[in-house]
Every structure is written in C-alpha cells, then in structure tokens.
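The structure appears below as structure tokens.
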There are 2 protein chains.
Amino acid sequence: MTSTPETQLREAGLRVTAGRVVILEALDRLPHADAESLFRAAQEQLPGTSIQSVHNVLASLTESGLLRRIEPAGSPARYERRIGDNHHHIVCTNCGAIGDVDCVHGDAPCLTPSNTNGFTVSTAEITFWGLCAECSALA
Amino acid sequence: MTSTPETQLREAGLRVTAGRVVILEALDRLPHADAESLFRAAQEQLPGTSIQSVHNVLASLTESGLLRRIEPAGSPARYERRIGDNHHHIVCTNCGAIGDVDCVHGDAPCLTPSNTNGFTVSTAEITFWGLCAECSALA
DNA sequence: GCCCTTATCGTGAATGACTCAAAACAAGGG
DNA sequence: CCCTTGTTTTGAGTCATTCACGATAAGGGC
C-alpha cells in the first residue's frame, strides 16, 4: 500500500510541489527510469520544467529516502520508488532494461562476505547481468 | 604467478608498448586505481603521456581481458589486474577505498536469483558497502 | 484568505569523466 | 631495414550531472 505522493512527501518533511508529485507518479509507470526519461514524462504535465529541476527533485527525494538511486555500470543513474525491501536488480547487457529480483535465498547469505579486509560491512548490493526476455529472443 | 606485463600483452595479441607496460605495473602497486591515478603514476615514467592515452590503454586492456573494470556508484571507473577468479568488492562509503572480497559462500548461491523476470542471467556482481578500517577508526 | 519566510524551481554556466577524430608515430612481421 | 598497421598524441566534443543564483511558490502564522 504505497501512500499517495502527497502524503509521502509530507511525511518526509518535504513541501508538496507539482514537480515532485509528477515525478513520483511517473516512476509508478516507469520503474527504473533515468533522469532523462522522467524529464520527458514530466514535460507532458509540466511543460515549463527543466532537466535540472528533475535532477533537483530526484536528489531531494533520494536524500529523503523516498527514492532509491541505482547506478548500473555504463548507464545513467536510474531511480525507483522503494518499497523498503532490499531487493536487487538484473540488467540487460544488450538493451539496458532493468528488472527487480527479490532477495536471493532468504537474503542472509549474501550479506556475509567471507573476509572483509578490515571493513565494517553495512549493506550488500547484487547486480545480475544477462539478457532480458526480448533480447534473448532476438539473439 | 602473474606473468610479466610483456608476456601477458603478447599472449593477448596486443603490441607491447611502454604505456601498456607502465599501466600494468602501476596497477600492481595501485590495485583498484582509477584512470586519473594511473595517469599520474604513468607520468613519472612517461612524462609525455596524456590522460587520453591512459584511457586508450585501459580500454584495450579491458577489452582483451587483461584488466577488469569496476564502476562503483558515485566513483569513476576503477581497474584491476584480474586473476580470473570472480571475486567481489567492498567499497568504503566514506573515502571510496576498495577491498577485494573472495567469493561469498562457495560462490554458487548468489548466482541464482529467485525470480528472473524472464531474464537469462549470465553473471552476478556483488558490491558490499561499509567503512574501511581507517574510516571506522575515525568514526 | 493574505503575508512573509524560506524551500524549491528555473535559467544559465561549469564540471568530471570519458569518447571521438585525425594526424604523427612506433612495434614487429617480412 | 622497411613497410604495414596498430598505438599514441593532440584537440575537440559529448553526456550526465552539479553549482550558482535570481525568480517563484508552499504553507505556517496572523
């Protein structure tokens, strides 16, 4: 039950602005979208907006924890409305499409590296690479 | 037994050039270095070199499989002389230092996502985030 | 409902990390 | 030793993102 964009923003202590609401709504339709796609989506409802404003919005929403930012190698940053769970991602090496992967094997094993080299580990992030259904079909 | 840079280059079918040898040697001293650091290291032995040349070298070495390129979120690409094993990395969220992590739990479990959304998975990449020994001490 | 403070947006310029292009150069087979 | 072809150099260009700052609007207080 994701609460409405307005409620979410208020709960995060952020002002409710048209830009933020539009971006949050666009991310429901376009999960894992990058700034550019969100900009194009936002323009339909906010013709006067700019790519910088989209970056502003994404930065504040990410900082407040309303969005999760993912940065697959070789691709611009993508954003998703996070559901609090720590799921992972699978990226198509051909077209860049991204899919969600529910936490692997009951989520515990991968959070425990064998040797940490003195590091204090706080999170683990898994990225799977492969071909999406469409690209596998074409191959 | 890492073979010498010269041998490695020849085996990969690449010409042996001063720049390539210098970069490979620098990566022994600076594992997980980025292009900029390697450029500075290379300048000591090749005063006339340029950052673009370093990128050239890194690109061809990566393509030939002599180097592995890693791109942690929020950091420029790092390079390492790969040993063929599929190890993972741990990145310090404070200073950006990177450590190697031997494959987790006998390497199999993390390569098998629970649901693949129709994707054909070929590789899995795990990035651990935390604080390096130095930064944990300072915190 | 209106004002005022202050967060946010929009415009513009700037940055970092890298890629592209073409001329100068050098590795190494013949 | 020469010639071919892969590399390096020099220089410009790109992309995604950030910085700076005046204009604008959200929303608490009156």
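Every chain is numbered from 1 and lettered A, B, ... according to where its sequence line falls, protein lines coming before strand lines. Please read these numbers as outputs of a predicted model, since none were measured by experiment.
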I need the [atom1]-[atom2] distance between [X] and [N], as an integer number of Å.
X: A:Asn56; N: D:dA25; atom1: CG; atom2: C1'; answer: 15 Å
X: B:Glu6; N: C:dA27; atom1: CD; atom2: C1'; answer: 13 Å
X: A:Glu71; N: C:dA17; atom1: CD; atom2: P; answer: 13 Å
X: B:His55; N: D:dT9; atom1: NE2; atom2: P; answer: 14 Å
X: B:Leu46; N: D:dT9; atom1: CG; atom2: C1'; answer: 13 Å
X: B:Asp34; N: C:dA17; atom1: CG; atom2: P; answer: 7 Å
X: A:Leu9; N: D:dG27; atom1: CG; atom2: C1'; answer: 14 Å
X: A:Glu63; N: C:dA7; atom1: CD; atom2: P; answer: 13 Å

NZ/NE/NH1/NH2 to OD/OE distance under 4.0 Å, A:Arg40 and A:Glu36
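A:Glu36 and A:Arg40: salt-bridged.
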
Short N-O contact, B:Glu71 and B:Arg69, less than 4.0 angstrom:
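Between B:Arg69 and B:Glu71 there is a salt bridge, with a charged N closer than 4.0 Å to a carboxylate O.
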
Closest-nucleotide ordering on DNA chain C, the 5'-leading residue of B:Arg10 and B:Tyr79
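Its nearest nucleotide lies further toward 5', so the answer is B:Tyr79.
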
Closest-nucleotide ordering on DNA chain C, the 5'-leading residue of B:Ala59 and A:Gly13
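The residue whose closest nucleotide sits nearer the 5' end is A:Gly13.
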
Any side-chain heavy-atom pair from B:Leu61 and B:Leu9 closer than 4.5 angstrom?
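SC-SC contact between B:Leu61 and B:Leu9 confirmed.
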
Give one of base, sugar-phosphate or nothing for [X], where a contact means two heavy atoms less than 4.0 Å apart.
X: B:Ser60; value: nothing
X: B:Leu14; value: sugar-phosphate
X: B:Thr17; value: sugar-phosphate

Any N or O donor-acceptor pair linking the side chain of B:Arg15 to the base of D:dT5 at under 3.5 Å?
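By the distance-only test, yes, there is a pair.
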
Go through the steps to decide whether A:Arg68 and A:His87 satisfy the test side-chain contact (heavy atoms from CB on, under 4.5 Å), and finish with yes or no.
CA-CA 11 Å; A:Arg68 182 170 159 200; A:His87 66 270; 3.7 Å; yes

[X], nearest nucleotide to its side chain (from [options]):
X: A:Ser53; options: C:dG28, C:dC9, D:dT17; value: C:dC9
X: A:Arg20; options: C:dT8, D:dG27, C:dG10; value: C:dT8
X: A:Val57; options: C:dC9, C:dG10, D:dT17; value: C:dC9
X: A:Gln52; options: C:dC9, D:dC19, D:dT7; value: D:dC19
X: A:Ala77; options: D:dT10, D:dG27, D:dT17; value: D:dT17

CA sep, side-chain torsions, deciding dist, call: B:Arg81, B:Asp28, side-chain contact (heavy atoms from CB on, under 4.5 Å):
CA-CA 7 Å; B:Arg81 283 184 88 165; B:Asp28 277 336; 2.8 Å; yes

